[in-house]
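Below is one structure, written out as structure tokens; the observations come after it.
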Number of protein chains: 2
Amino acid sequence: MSIIGTMDVGEPLSLHQRILSDISERILSGAWAPGHRIPFEHELTAEYKCSRMTVNKALSQLAKAGMIERVRRTGSFVRRPQSQAAVLEIHDIRIEVEALGLPYCYERVARHKRRSSAEDRALLELDSNGPVLALECRHFAGKRPFAHERRLINLAAVAEAANEEFHAVAPGPWLIARVPWSAAEHRIRAVAADRHIAAALDIEAGAPCLVVERRTWSAEHPVTHVRFTYAAESHTLVARFTPSQG
Amino acid sequence: MSIIGTMDVGEPLSLHQRILSDISERILSGAWAPGHRIPFEHELTAEYKCSRMTVNKALSQLAKAGMIERVRRTGSFVRRPQSQAAVLEIHDIRIEVEALGLPYCYERVARHKRRSSAEDRALLELDSNGPVLALECRHFAGKRPFAHERRLINLAAVAEAANEEFHAVAPGPWLIARVPWSAAEHRIRAVAADRHIAAALDIEAGAPCLVVERRTWSAEHPVTHVRFTYAAESHTLVARFTPSQG
DNA sequence: GCAACGATTATGTATATACATATTGAAATA
DNA sequence: TATTTCAATATGTATATACATAATCGTTGC
């Protein structure tokens, strides 16, 4: 799946693809258990009647994906699944709402430009007290509030944000279209709604909420920190697996 | 990072690695913005004084990773980051607890073997009413309950589980060591603790909790469904980024 | 018996080459 | 002018080859 890419049954697979899917299928089905030595390159060369380079490319890819481990002079071995790594797709909120079949609506609640406070610097992992833009927004699914957004943008990294009101466009898509980001860190946790959040999401204070925080860097520079808060009933994150690697 | 692998500065990079890191660095830094046409293979061949095959392998890898898009006769182009995909590592609870520097302790609360009920079949996505093993466990960090586990195991897929009491070993590691799994789906959400969970985790009823549910398949067969519940203060999931793909 | 050494072997990396394939752009034709 | 055709071009895939590198095995020498 993830490693192999989509397998169109119709078209003729390339040799590379065929070797890849054959082997990973045998591993994932359990036919070749963890620790099993898979055939040597020269054996696969014979089996598939192709050059060693072709086999090598496929096995190297499986090794990079973490499904097998290769050791010189000894052979290639099926690795046991180690960590339960999953790919979590965190989409734009508009897309999530529209996937529910509900009309999406966005509201900018507040916008402040200021010198970064100590708290701002902690959230952004910023050294200097340069200017930041603080935003508060709400995202609606139909009439109901779907998510609350509290965001800081480092104006040293994204100067043009200072001229944007964010009345019509949400800061998330605005930033994605503009800033190539190179790293991000997400933190996901459950919290009880404080009064402010409860009012914004139209729920009871103390009700459980899902909080997704994201910090984004672009080439070493902190770009933005955002905290999304969802009412418990409104939202579930779904992560699809990947089987491999340690 | 994810695509490039760890970059040891000390050792001499292979040409392949050098091309890969050079190009992705230029993309991630923003020097080559989304839509930008990166040099043709024959130009890179000249720049790095290597064969086209070497360049091709590197570019193919970047394309597979979703950083660039390649179109014949036209060139290769930097893709814009589309979805905020993040890799969420869901480790074994013992490892998480020990990472906190606390002693880990496991308790099996209950164990029932039964024909699958309608609810069981819904959770496992099972068709037939074959036998299942229902387990309830608690995981401790020091003296405090850290997580509550409620698990169903499909005995049709893992018959040997019927003979295991799970007194000494937690079902998670036991299964991982035995069953090669090929797919998993995670659902993450916030809930209020009901009375049962509240008692198990030693928190107030109604307190916010983080719930991680996982369904696992092995070669088309449902293997297990597990629901972990964490008290809000005790746990934060951390997901690291990946920049690319659509 | 044990350490040192070299031969063997499987993988790692790179090259030159060949031909297939998709797309563009210009020339030829209707 | 509109359409078809064809050559040029960049990528896609595969081959044969070469040499490097790491680990193992068997032999030799102490």
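In what follows, chains are A, B, ... by sequence order, proteins preceding strands, each numbered from 1.
Contact annotation for Leu59(B): no contact, since no heavy-atom pair falls under 4.0 Å across all strands.
In this structure Glu185(B) satisfies the salt bridge (Lys or Arg N to Asp or Glu O under 4.0 Å) test together with Arg240(A), Arg187(B), Arg215(B), sequence neighbours excluded. For Ala46(A), there are no side-chain contact (heavy atoms from CB on, under 4.5 Å) partners two or more places apart in sequence or in a different chain. Among residues two or more places apart in sequence or in another chain, the salt bridge (Lys or Arg N to Asp or Glu O under 4.0 Å) test is passed with Glu41(A) by Arg52(A), Arg70(A). Every residue meeting the salt bridge (Lys or Arg N to Asp or Glu O under 4.0 Å) condition with Arg108(B), not counting sequence neighbours, appears here in chain and number order: Glu165(B). With sequence neighbours excluded, no residue forms a side-chain hydrogen bond (donor to acceptor under 3.5 Å, both in side chains) with Ser218(B). Here Tyr230(B) pairs with Phe146(B), His235(B) under the ring-ring contact (aromatic ring centres under 6.0 Å, His included) rule; sequence neighbours left out. For Arg26(A), the salt bridge (Lys or Arg N to Asp or Glu O under 4.0 Å) partners are Glu47(A), not counting sequence neighbours.
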Quiz prompt | Evaluation steps, side-chain hydrogen bond (donor to acceptor under 3.5 Å, both in side chains), between His139(B) and Glu107(B) | solution = CA-CA 6 Å; His139(B) 302 264; Glu107(B) 174 196 24; over 6 Å; no
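Atoms CZ and CD1, on Phe166(A) and Ile153(A) in that order, are 4.0 Å from each other to the nearest 0.5 Å. With rounding to the nearest 0.5 Å, the separation of CZ in Arg151(A) from CG in Leu135(A) is 7.5 Å. Rounded to the nearest 0.5 angstrom, Asn154(A) CG and Glu125(A) CD are separated by 12.0 Å.
Atom CZ in Arg72(B) sits about 12 Å away from atom C1' in dT9(D), given to the nearest Å. If you measure from atom CZ of Arg37(A) to atom P of dT24(D), you get 14 Å, rounded to the nearest angstrom. The nearest whole Å value for the distance from the CD1 atom in Ile68(B) to the C1' atom in dT11(D) is 11 Å. As rounded to whole Å, 17 Å separates atom C1' of dT11(D) from atom CD of Gln61(B).
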Output one line per pair: protein atom, nucleotide atom from nucleotides 6-8 of chain D, and distance, for all N/O pairs under 3.5 Å.
from, atom 1, to, atom 2, distance (Å)
dA8(D), N3, Arg73(B), NH1, 2.9

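The stretch residues 38-45 of chain A touches DNA chain C through Phe40(A), Glu41(A), His42(A), each having a heavy atom under 4.0 angstrom from the strand. Contacts between residues 47-56 of chain B and DNA chain C, counted as heavy-atom distances below 4.0 Å, involve Lys49(B), Cys50(B), Ser51(B), Arg52(B), Met53(B), Thr54(B).
Residues Ile93(A) and Tyr104(A) have side chains in contact (heavy-atom distance under 4.5 Å, counting atoms from C-beta outward).
Checking Lys57(A) against Val71(A), the closest nucleotide of DNA chain D that is more toward the 5' end is the one next to Lys57(A).
Residue pairs meeting the side chain to side chain donor-acceptor pair (under 3.5 Å) criterion with at least one member in residues 30-40 of chain B, sequence neighbours excluded: Arg37(B)-Glu43(B).
Running 5' to 3' along DNA chain C, contacts with non-hydrogen atoms of chain A at under 4.0 Å begin and end at dT8(C) to dA14(C).
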